[in-house]
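First, the structure itself, so that you have it in front of you.
Atoms within a ligand are numbered from 1 in the order they appear, just like the ligands themselves. Values below: every heavy atom of this structure, side chains too, minus hydrogens, waters and symmetry copies.
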Amino acid sequence: MDIGLKGKTVVVTGGSSGIGLAAVRVFLEEGARVALCARGADRLADAEAELAGTFGADNVFARALSVLDKDAVASFAQDVGSRFGDCQVLVTNAGQGRVSTFADTGDEDWRDELELKFFSQLHPIRAFETMLRTSGAGSIVAVNSLLAYQPEPHMVCTSAARAGVQNLLKSLATEFAPDIRVNSILLGLVDSQQWQRRFDAREDQSQSRDDWYDALARQKKIPLGRLGDPHEAARAIAFLASPAASYITGARLEVSGGVSRFV
Ligand code: NDP
């Protein structure tokens, strides 16, 4: 099935690792041109070189920046416009979760987390809004978490912030219609650098990677019995971003192996 991404310009924030990098690959495989950003310049340059080698340097554009730096994001958008001429798709993926309970989350931690979750959406959306509107088929896909609907006390501020972001996206879906569709994916546990970092910091260092991940899937009672692969999240992102989802806006798609408990 051709989902209609050929020749489209796609921007992926946090595109140097995990789900973002997998999404970049899927968009390129579908024939799109992709601009990606992340903070770490070396890892981003490695990703850019590998992608340019496989998909052609003309189709890939990378910029090292933090999505929390408003001016840098605005300048990135301008350069994407100069380089590719337009932009149909924005994937707001950059970020990470914070593991902390109410007791060990200070006011500064709350401010940092709320800033990360909200402004990682707001800065890129503002910067690319005009290009998305004028593209004729603008589409935003936000990478969010089941925590928005199913909070975890050990991730108290991430859960609360993600609920707020989901609420924001619903408003944007109405305000931006019919020019830009706005949808989200809700992740459960997907194997990425985030989980690699938690594996590296595991208590029992003798436990193998497979055993640690199997135990995690059992502990979280994931019906499909395993963590997701970044590529599985990426395909859901590409579908929602594409003209194949042209009558879908304000929607959320769970990519969680069935671990959600709400209906
Ligand atoms: P990774 O750590 O593998 O990838 C995160 C990407 O975001 C990297 O490219 C990172 O690069 C980039 N990034 C982080 N902060 C910023 C920033 N301020 N500005 C620009 N880029 C940034 O993790 P995932 O692939 O798992 O994460 C992707 C998204 O999915 C995140 O928002 C995460 O919170 C969310 N998520 C993931 C879940 C999972 O189970 N994997 C579950 C729920 C949500 P760099 O560090 O160099 O900036």
Carefully, step by step, assess Tyr149 and Arg162 under the rule side-chain hydrogen bond (donor to acceptor under 3.5 Å, both in side chains).
-> CA-CA 8 Å; Tyr149 295 91; Arg162 290 208 176 281; over 6 Å; no

What is the nearest protein non-hydrogen atom to atom 19 (N) of ligand 1, stated with its residue, atom name and distance?
->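 For this ligand atom, the closest protein heavy atom is Val67 N, 2.9 Å.
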
Output the list of atoms in ligand 1 that are nearer than 4.0 Å to some heavy atom of Gly188, sorted by atom number.
->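 Ligand 1 atoms under the 4.0 Å threshold to Gly188: 40 (O), 42 (C).
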
In chain order, what residues pass the side chain to side chain donor-acceptor pair (under 3.5 Å) check against Thr158, with sequence neighbours excluded?
->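 Thr158 satisfies side chain to side chain donor-acceptor pair (under 3.5 Å) with Glu113 once adjacent residues are dropped.
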
Write out the residue and atom name of the closest protein heavy atom to atom 7 (O) of ligand 1, then the distance separating them to 0.1 Å.
->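 That would be Gly14 CA, 3.3 Å.
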
Proximal candidate to atom 38 (C) of ligand 1 [heavy atom criterion; set Gln194, Gln96, Arg39, Gln196] |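 When every heavy atom of Gln194, Gln96, Arg39, Gln196 is considered, Gln194 comes closest to atom 38 (C) of ligand 1.
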
Single hit among Asp191, Asp200, Asp214 for side-chain hydrogen bond (donor to acceptor under 3.5 Å, both in side chains) with Arg209 =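 Only one option passes, and that is Asp191.
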
What atoms of ligand 1 come within less than 4.0 Å of a heavy atom belonging to Gly18?
->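 Within the 4.0 Å cut-off of Gly18, ligand 1 contributes 3 (O), 25 (O).
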
Of the backbone atoms (N, CA, C, O) and the side-chain heavy atoms from C-beta on, which set of Glu115 has a member under 4.0 Å from an atom of ligand 1: side chain, backbone, both, or neither?
->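 Neither part.
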
Could you tell me which atoms of ligand 1, counted from 1 in the order shown, lie closer than 4.0 angstrom to a heavy atom of Arg197?
->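 Reading through ligand 1 atom by atom, the close ones are 2 (O).
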
Can you sort out which atoms of ligand 1 are near Leu189, meaning under 4.0 Å from one of its heavy atoms?
->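 Heavy-atom distances to Leu189 below 4.0 Å select 40 (O).
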
Geometric N/O contact Val190 with ligand 1, under 3.5 angstrom =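 The answer is yes, given that Val190 and ligand 1 share an N or O pair closer than 3.5 Å.
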
Parallel, tilted or perpendicular: which describes the rings of Phe128 and Phe76, with under 30° parallel and over 60° perpendicular?
->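 Plane angle over 60°, so perpendicular.
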
Between Leu65, Asn93, Val143, flag the one that comes closest to atom 32 (O) of ligand 1 by a heavy atom.
->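 The nearest heavy atom belongs to Asn93.
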
For residues Asp86 and Ser135, determine if any side-chain heavy atom of one lies less than 4.5 Å from a side-chain heavy atom of the other.
->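 Sidechains of Ser135 and Asp86: no contact.
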
Arg126 and Glu129 ion-paired at < 4.0 Å |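 Salt bridge absent between Arg126 and Glu129.
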
Does an N or O anywhere in Ser66 fall below 3.5 Å from an N or O of ligand 1?
->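 Indeed, backbone or side chain, Ser66 has an N or O that close.
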
Atoms in ligand 1 with a heavy atom of Ser16 nearer than 4.0 Å =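 Heavy-atom distances to Ser16 below 4.0 Å select 8 (C), 9 (O), 11 (O).
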
Nearest protein heavy atom to atom 10 (C) of ligand 1, by residue and atom, and its distance?
->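 Protein heavy atom with the smallest distance to atom 10 (C) of ligand 1: Arg43 NH2, 3.7 Å.
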
Note the single closest protein heavy atom to atom 5 (C) of ligand 1, along with its residue, its atom name and the distance in Å.
->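 Minimum-distance protein heavy atom for atom 5 (C) of ligand 1 reads Gly95 O, 3.8 Å.
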
Ala64 near ligand 1 by a heavy-atom separation under 4.0 Å =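 In this structure, Ala64 fails to qualify as a contact of ligand 1 - no heavy atom is under 4.0 Å.
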
Identity and distance of the protein heavy atom lying nearest atom 43 (C) of ligand 1 |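 Here the closest protein heavy atom is Ser145 CB, 3.6 Å.
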
Gly20 N/O under 3.5 Å from ligand 1 N/O |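 No - when backbone and side-chain N and O of Gly20 are compared with those of ligand 1, no distance drops under 3.5 Å.
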
Verify, without hydrogens or angle tests, whether Gln150 (side chain) and Arg261 (backbone) share a donor-acceptor contact under 3.5 angstrom.
->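 Yes: the side chain of Gln150 pairs with the backbone of Arg261.
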
For the pair Arg33 and Thr9, evaluate side-chain hydrogen bond (donor to acceptor under 3.5 Å, both in side chains) and give the outcome as yes or no after the intermediate values.
-> CA-CA 5 Å; Arg33 296 168 298 203; Thr9 299; 3.0 Å; yes

N/O of Gly40 under 3.5 Å from N/O of ligand 1, yes or no?
->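 By distance alone, the answer is yes.
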
Of all the non-hydrogen atoms in the protein, which one sits nearest to atom 24 (P) of ligand 1, and at what distance?
->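 The closest one turns out to be Ser192 OG, 3.4 Å.
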
Hey, is the main chain of Pro243 close enough, under 3.5 Å, to the side chain of Arg181 for a donor-acceptor pair?
->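 Not confirmed, Arg181 side chain does not pair with Pro243 backbone.
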
State, yes or no, whether a side-chain contact exists between Gln96 and Leu116 at a heavy-atom distance under 4.5 Å.
->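 Side-chain contact under 4.5 Å: yes.
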
Just by distance, with hydrogens left out, do Thr101 and Asp104 show a side-chain donor and acceptor under 3.5 Å apart?
->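 Their side chains do contain a donor-acceptor pair, which is all the 3.5 Å distance test asks for.
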
Atoms in ligand 1 flagged as close to Ser17, the criterion being non-hydrogen separation under 4.0 Å |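 It comes down to these atoms of ligand 1: 1 (P), 3 (O), 4 (O), 8 (C), 9 (O).
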
Could you label the plane-to-plane angle of the Phe84 and Phe61 rings as parallel, tilted or perpendicular, counting under 30° as parallel and over 60° as perpendicular?
->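 The arrangement is perpendicular - the two ring planes meet at more than 60°.
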
What about Trp195: any of its N or O atoms under 3.5 Å from an N or O on ligand 1?
->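 It does: an N or O of Trp195 is found under 3.5 Å from an N or O of ligand 1.
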
Looking only at distances, please establish whether an N/O atom of ligand 1 is found under 3.5 Å from an N/O atom of Leu68.
->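 No - when backbone and side-chain N and O of Leu68 are compared with those of ligand 1, no distance drops under 3.5 Å.
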
Determine, for Glu50 against Arg25, whether the closest basic-nitrogen to carboxylate-oxygen distance falls under 4.0 angstrom.
->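 Answer for the salt bridge query: yes.
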
Which residue and non-hydrogen atom of the protein lie closest to atom 35 (C) of ligand 1, and at what distance in Å?
->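 That would be Arg162 NH2, 3.7 Å.
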
Gln193 neighbourhood, listing ligand 1 atoms whose heavy-atom distance to it stays under 4.0 Å |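 Numbered from 1, ligand 1 contributes 1 (P), 2 (O), 3 (O).
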
Among all protein heavy atoms, pick the one closest to atom 22 (C) of ligand 1 and tell me residue, atom and distance.
->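 The protein heavy atom lying closest is Ala94 CB, 3.5 Å.
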
Counting from 1, what ligand 1 atoms have a heavy atom of Ile19 closer than 4.0 Å?
->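 It comes down to these atoms of ligand 1: 25 (O), 26 (O), 41 (N).
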
Walk me through it: do Glu152 and Ser159 pass the test side-chain hydrogen bond (donor to acceptor under 3.5 Å, both in side chains)?
-> CA-CA 7 Å; Glu152 295 274 5; Ser159 299; over 6 Å; no

Any donor-acceptor pair under 3.5 Å from Asn183 side chain to Ile248 backbone |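 Pair found, side chain donor or acceptor close to backbone of Ile248.
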
